[in-house]
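A note on names: the letters A, B, ... follow the listed sequences, proteins ahead of strands, and every chain is numbered from 1. Computed from a prediction, not measured in an experiment: that's the story for all the values here.
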Amino acid sequence: MKPDRPPTDFETLVYQIVRTIPKGKVSTYGTVAKRAGRGTARSVGTALARNPFAPEVPCHRVVRADGSLGGFNGETEGPEMQKKTRLLKSEGVEVRSGVIDLSRFGS
DNA sequence: GTTGTGACGGGTC
DNA sequence: CGACCCGCCACAA
(Lines give C-alpha, C1' and ligand atoms only; values in the text may rest on other atoms or scores of the structure.)
Protein backbone atom coordinates (compact mmCIF):
# COMPACT_ATOMS: atom_id res chain seq x y z
CA MET A 1 0.00 0.00 0.00
CA LYS A 2 1.08 3.55 -0.48
CA PRO A 3 1.32 5.50 2.73
CA ASP A 4 -0.32 8.87 2.57
CA ARG A 5 1.91 11.89 2.70
CA PRO A 6 0.98 15.51 3.31
CA PRO A 7 0.72 17.26 -0.06
CA THR A 8 3.37 19.83 -0.81
CA ASP A 9 2.80 23.31 -2.18
CA PHE A 10 3.43 22.19 -5.71
CA GLU A 11 0.96 19.35 -5.44
CA THR A 12 -1.66 21.60 -3.92
CA LEU A 13 -1.10 24.04 -6.75
CA VAL A 14 -1.64 21.31 -9.31
CA TYR A 15 -4.83 20.17 -7.60
CA GLN A 16 -6.17 23.67 -7.66
CA ILE A 17 -5.54 24.05 -11.38
CA VAL A 18 -6.99 20.67 -12.29
CA ARG A 19 -10.00 21.52 -10.21
CA THR A 20 -10.70 24.52 -12.47
CA ILE A 21 -11.05 22.36 -15.56
CA PRO A 22 -14.54 22.90 -17.00
CA LYS A 23 -16.83 19.95 -17.50
CA GLY A 24 -16.78 18.41 -20.94
CA LYS A 25 -13.19 19.47 -21.45
CA VAL A 26 -9.82 17.96 -20.73
CA SER A 27 -6.35 19.24 -20.10
CA THR A 28 -2.96 17.70 -20.55
CA TYR A 29 -0.20 17.26 -17.99
CA GLY A 30 1.97 19.63 -19.97
CA THR A 31 -0.76 22.27 -20.01
CA VAL A 32 -1.31 21.97 -16.28
CA ALA A 33 2.42 22.23 -15.71
CA LYS A 34 2.47 25.35 -17.84
CA ARG A 35 -0.42 26.80 -15.86
CA ALA A 36 1.32 25.92 -12.62
CA GLY A 37 4.41 27.65 -13.91
CA ARG A 38 6.40 25.02 -11.99
CA GLY A 39 7.64 21.66 -13.10
CA THR A 40 6.67 19.65 -16.14
CA ALA A 41 4.29 16.90 -17.12
CA ARG A 42 6.41 14.50 -15.07
CA SER A 43 5.91 16.41 -11.88
CA VAL A 44 2.25 17.06 -12.60
CA GLY A 45 1.64 13.39 -13.19
CA THR A 46 3.34 12.54 -9.93
CA ALA A 47 1.30 15.15 -8.11
CA LEU A 48 -1.98 13.89 -9.56
CA ALA A 49 -0.95 10.36 -8.76
CA ARG A 50 -0.89 11.39 -5.14
CA ASN A 51 -4.14 13.29 -5.55
CA PRO A 52 -5.81 13.04 -2.12
CA PHE A 53 -8.86 14.89 -3.44
CA ALA A 54 -10.19 12.26 -5.83
CA PRO A 55 -13.77 13.51 -6.39
CA GLU A 56 -12.79 17.08 -5.81
CA VAL A 57 -9.98 17.13 -8.32
CA PRO A 58 -11.13 15.72 -11.70
CA CYS A 59 -7.83 14.03 -12.40
CA HIS A 60 -9.64 11.95 -15.03
CA ARG A 61 -9.98 15.14 -17.06
CA VAL A 62 -6.24 15.31 -17.34
CA VAL A 63 -4.86 13.25 -20.18
CA ARG A 64 -1.60 12.86 -22.06
CA ALA A 65 -0.44 15.24 -24.74
CA ASP A 66 -1.14 12.68 -27.46
CA GLY A 67 -4.73 12.37 -26.29
CA SER A 68 -4.16 9.05 -24.56
CA LEU A 69 -5.89 8.64 -21.25
CA GLY A 70 -2.71 8.05 -19.36
CA GLY A 71 -2.05 5.92 -16.34
CA PHE A 72 -5.34 6.36 -14.53
CA ASN A 73 -7.12 4.21 -17.09
CA GLY A 74 -5.67 2.83 -20.28
CA GLU A 75 -7.83 0.15 -21.81
CA THR A 76 -11.31 1.26 -22.53
CA GLU A 77 -12.42 -1.04 -25.26
CA GLY A 78 -12.52 -4.05 -23.00
CA PRO A 79 -15.75 -5.94 -22.25
CA GLU A 80 -16.24 -3.65 -19.29
CA MET A 81 -15.53 -0.01 -19.72
CA GLN A 82 -13.60 1.51 -16.89
CA LYS A 83 -15.50 3.85 -14.65
CA LYS A 84 -13.28 6.84 -15.22
CA THR A 85 -13.55 6.57 -18.97
CA ARG A 86 -17.29 6.20 -18.76
CA LEU A 87 -17.43 9.18 -16.46
CA LEU A 88 -15.34 11.11 -18.94
CA LYS A 89 -17.82 10.36 -21.68
CA SER A 90 -20.58 11.29 -19.30
CA GLU A 91 -18.96 14.68 -18.99
CA GLY A 92 -19.27 15.12 -22.73
CA VAL A 93 -15.78 14.12 -23.74
CA GLU A 94 -15.57 11.85 -26.72
CA VAL A 95 -13.23 9.03 -25.88
CA ARG A 96 -12.33 6.93 -28.89
CA SER A 97 -10.19 3.87 -28.39
CA GLY A 98 -8.84 5.36 -25.21
CA VAL A 99 -7.88 8.54 -27.04
CA ILE A 100 -9.43 11.97 -26.69
CA ASP A 101 -9.69 14.57 -29.42
CA LEU A 102 -7.66 17.37 -27.91
CA SER A 103 -8.45 19.42 -31.01
CA ARG A 104 -11.90 19.92 -29.58
CA PHE A 105 -11.59 19.17 -25.87
CA GLY A 106 -8.13 20.58 -25.27
CA SER A 107 -8.84 23.56 -23.08
C1' DG B 1 24.05 15.64 -0.90
C1' DT B 2 23.20 11.61 -4.00
C1' DT B 3 20.23 8.01 -6.14
C1' DG B 4 16.06 6.16 -7.94
C1' DT B 5 11.42 6.47 -9.41
C1' DG B 6 7.18 8.28 -11.84
C1' DA B 7 -0.72 8.96 -13.75
C1' DC B 8 4.96 12.67 -19.16
C1' DG B 9 6.85 14.72 -23.75
C1' DG B 10 9.23 14.81 -27.74
C1' DG B 11 12.47 12.78 -30.78
C1' DT B 12 14.60 8.75 -33.01
C1' DC B 13 14.90 3.92 -34.73
C1' DC C 1 2.54 2.50 -37.28
C1' DG C 2 4.92 0.84 -32.89
C1' DA C 3 8.92 0.44 -29.85
C1' DC C 4 12.86 2.63 -27.73
C1' DC C 5 15.67 6.47 -25.59
C1' DC C 6 16.73 10.75 -23.45
C1' DG C 7 15.32 14.78 -20.92
C1' DC C 8 12.34 17.19 -17.90
C1' DC C 9 10.88 18.36 -12.78
C1' DA C 10 9.22 17.00 -8.05
C1' DC C 11 9.42 13.73 -4.23
C1' DA C 12 11.03 9.85 -1.15
C1' DA C 13 14.76 7.09 0.82
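The list of side chain to side chain donor-acceptor pair (under 3.5 Å) pairs with a residue in residues 12-25 of chain A, not counting sequence neighbours, is empty.
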Summary of protein contacts for nucleotides 6-13 of chain B, nucleotide by nucleotide, where a base hit scores B, a sugar-phosphate-only hit scores S (4.0 Å, heavy atoms): BBBSS---
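Listed by chain and number, the residues in a side-chain hydrogen bond (donor to acceptor under 3.5 Å, both in side chains) with A:Thr40 amount to none (sequence neighbours excluded). Here A:Ser27 pairs with A:Ser107 under the side-chain hydrogen bond (donor to acceptor under 3.5 Å, both in side chains) rule; sequence neighbours left out. With sequence neighbours excluded, the residues forming a side-chain contact (heavy atoms from CB on, under 4.5 Å) with A:Arg35 are A:Ile17, listed by chain and number. Contacts of A:Asp101 classified as side-chain hydrogen bond (donor to acceptor under 3.5 Å, both in side chains), with partners at least two apart in sequence or in another chain: A:Ser103.
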Review item, side-chain donor-acceptor pairs of residues 51-65 of chain A, under 3.5 Å, at least two apart:
unit_1	atom_1	unit_2	atom_2	d
A:Asn51	OD1	A:Phe53	N	2.6
A:Asn51	ND2	A:Phe53	O	3.3
A:Arg61	NE	A:Glu91	OE1	3.2
A:Arg61	NH1	A:Ile21	O	2.8
A:Arg61	NH2	A:Glu91	OE1	2.5

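Taking the 5' to 3' direction, DNA chain C first and last meets chain A under 4.0 angstrom from a heavy atom at C:dG7 to C:dA12.
Side-chain contact of A:Thr28 with A:Thr31: a donor-acceptor pair under 3.5 Å is present, judged by distance alone.
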